[in-house]
Protein chains: 2
Amino acid sequence: MKVKILYVEDEPFLGRIVKESLETRGFEVKLVADGALALTVFNEIQPDICVLDVMLPNKDGYTIAKELRKLRADVSIIFVTAKIQTEDLVKGFESGGNDYLRKPFSMEELIVRINNLLQLAQKNSKSKGVEALGKYEFDSSKYELRIGQTVRKISHREAMLLQALIENRNTSVTRKDILLKVWGDDSFFNSRNLDVYIAKLRDYLKEDPSVKIITLKGVGYHFSAS
Amino acid sequence: MKVKILYVEDEPFLGRIVKESLETRGFEVKLVADGALALTVFNEIQPDICVLDVMLPNKDGYTIAKELRKLRADVSIIFVTAKIQTEDLVKGFESGGNDYLRKPFSMEELIVRINNLLQLAQKNSKSKGVEALGKYEFDSSKYELRIGQTVRKISHREAMLLQALIENRNTSVTRKDILLKVWGDDSFFNSRNLDVYIAKLRDYLKEDPSVKIITLKGVGYHFSAS
DNA sequence: TCAAAAGAAGGTTAATTAATGTTAATGGGA
DNA sequence: TCCCATTAACATTAATTAACCTTCTTTTGA
């Protein structure tokens, strides 16, 4: 499958050249000229990489980046800017950018940096969609948990929770973060709800003892799986 | 502990300025002017980040990078170069570089990119492995303490405390440092709490008398283990 | 100067409280 | 109705607090 790129750029001439140039190299590029549209298009095409101009009408690149990160923590973001102020650079990395390119840039440089990020992303998350969890496989788009021949459909909440754990695999997540991500708020009742769902997941995942959800009492959970 | 940087640069004037500038920001910088020396110095100081000029006498930056990667796969490498040819950029990433900076660059830009790589590296290597403590083995990501065939699950606090001791193995830690690290504050009650947990760890570790938690009354503890 | 007394710091074990586990009952929407 | 999310009820475990004990240090007075 082609690598999808969301390219947000308001200069039409530059935009078209870069888009075509990237397409020649086998990327699938969606060009958006208006910052306010970026999120909508992002949700539509689910790109692997976002290339964002910083100066944009309606909504600047940094703001977009922050919003994108919330939607998908693992998306790769490259900023492109004519500004050379270093505070912008700082802002760029702070708002969740993975790389920063100054205009004018060469196509080769952009492509190299794109490829670099793709490799990184691949290392971090293998082939997305289907996650290997020990002997299990979790298909986050189908809400399916497979082990051997057995397929178990899991519910929306179960899937969200499992996803949240997977995103923090081999590190710890706080209960609060999970609650905010999965339930949207961390009230007392939702907190007990989380306990219930953890129990369910543990039950689903009990066939492979190497897949573990360890409780960090007073803190959160630590999910580990090969 | 300070972040250590190996900086290979043959222009003495630039080298000194960058070195001093980085040191002002709290980095520990070793400046090397000769490519052929880079490896030796690398082994000596075990840096967290390497900043390599590409054009160097005796051995160029790309070659150095490849060799460094062989020595330590997880080291972060930033190339710095006056060349603007894009083939160099490609070569840079291919030879194992993590980032590429064109001269002239601003200090801020360098620092931002350094910090970015540090964060990345931390994410990747977070769940570090298994510590040998005399006859025991402590797996900090699984919260397991093993001796012979016996595996004991320990709690989060127990693990944090043990980790804090291990990090200061064969030296002394103050109670205050431990309390801040494990409990977040050093109030009276938490201080007594620490006593309780020290007792637990001593109990867990009593099978091997060479593993010792020695009390330094009025100061802290001294943890020793082969 | 020295021994006894008083304190302080920490050791140990037990009791208490808070957090989470588990299973079942309830309730609401396609 | 059926499924899933939520709430409830009771069980379990970890963390904290308490109580009492031991050890070392400091103070004090003969």
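Bear in mind that the values here come from a model prediction, so they are computed numbers and not experimental data.
- Closest heavy-atom contact between B:Lys142 and A:Lys212: CD-NZ, 3.8 Å.
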For this session: Given side chain to side chain contact (heavy atoms under 4.5 Å, CB included), test A:Asn116 with B:Asp99 step by step and report yes or no.
Result: CA-CA 9 Å; A:Asn116 185 45; B:Asp99 209 339; over 6 Å; no

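- Rounded to whole Å, atom P of D:dA15 lies 10 Å from atom CE of B:Met160.
- Here C:dA9 is the nucleotide among D:dT6, C:dA9, D:dT16 with the atom lying nearest to any side-chain atom of B:Lys217.
- Atom CZ of A:Arg202 is separated from atom P of D:dT12 by 16 Å (rounded to the nearest Å).
- Residues A:Val75 and A:Leu6 are not in side-chain contact: their nearest non-hydrogen atoms beyond the backbone lie 4.5 Å or more apart.
- The nearest whole Å value for the distance from the CD atom in A:Glu158 to the C1' atom in D:dC3 is 11 Å.
- For the pair B:Ser155 and B:Tyr143, the minimum side-chain heavy-atom distance is 4.5 Å or more.
- Shown here for A:Tyr197 and A:Trp183, the closest heavy-atom pair between the two residues is CD1-CZ2, 3.9 Å.
- A:Thr63 and A:Asp60 are linked by a side-chain donor-acceptor pair at a separation below 3.5 angstrom, with hydrogens and angles left out of the test.
- A:Leu205 places its CG atom 14 Å from the P atom of C:dG21, with the value rounded to the nearest Å.
- For the helix from C:dT1-D:dA30 to C:dA30-D:dT1, the terminal axes (five pairs an end, C1' atoms, rotation from four pairs onto the next four) enclose an angle of 20°, given to 10 degrees.
- Using bins of under 30°, 30° to 60° and over 60° for the plane-to-plane angle, the ring pair A:Phe79/A:Tyr100 lands in the tilted bin.
- Straight-line distance from the CD1 atom of A:Ile213 to the C1' atom of C:dG21: 12 Å, rounded to whole Å.
- Atom CG of B:Leu201 and atom C1' of C:dT13 are 16 Å apart (whole Å).
- Between B:Ile5 and B:Ile45 the shortest heavy-atom distance is O-CD1, 4.3 Å.
- For DNA chain C, the neighbouring residues in residues 171-197 of chain B, judged by any heavy atom under 4.0 Å, are B:Arg175, B:Arg192, B:Asp195, B:Val196.
- When the C1' atom of C:dA9 is taken as reference, atom CD1 of B:Ile198 falls 14 Å away, rounded to whole Å.
- Among the nucleotides C:dT23, C:dT20, C:dG10, the one closest to any side-chain atom of B:Tyr221 is C:dG10.
- As a whole-Å value, the separation of B:His156 NE2 from C:dT20 P is 12 Å.
- Among the nucleotides D:dA15, D:dC4, C:dG21, the one closest to any side-chain atom of A:Ser155 is D:dC4.
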For this session: Show your reasoning for whether side-chain hydrogen bond (donor to acceptor under 3.5 Å, both in side chains) applies to A:Thr215 and A:Arg202.
Result: CA-CA 11 Å; A:Thr215 306; A:Arg202 280 186 175 137; 2.9 Å; yes

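- For the pair A:Thr215 and D:dA14, the criterion of a side-chain N or O lying under 4.0 Å from OP1 or OP2 is not met.
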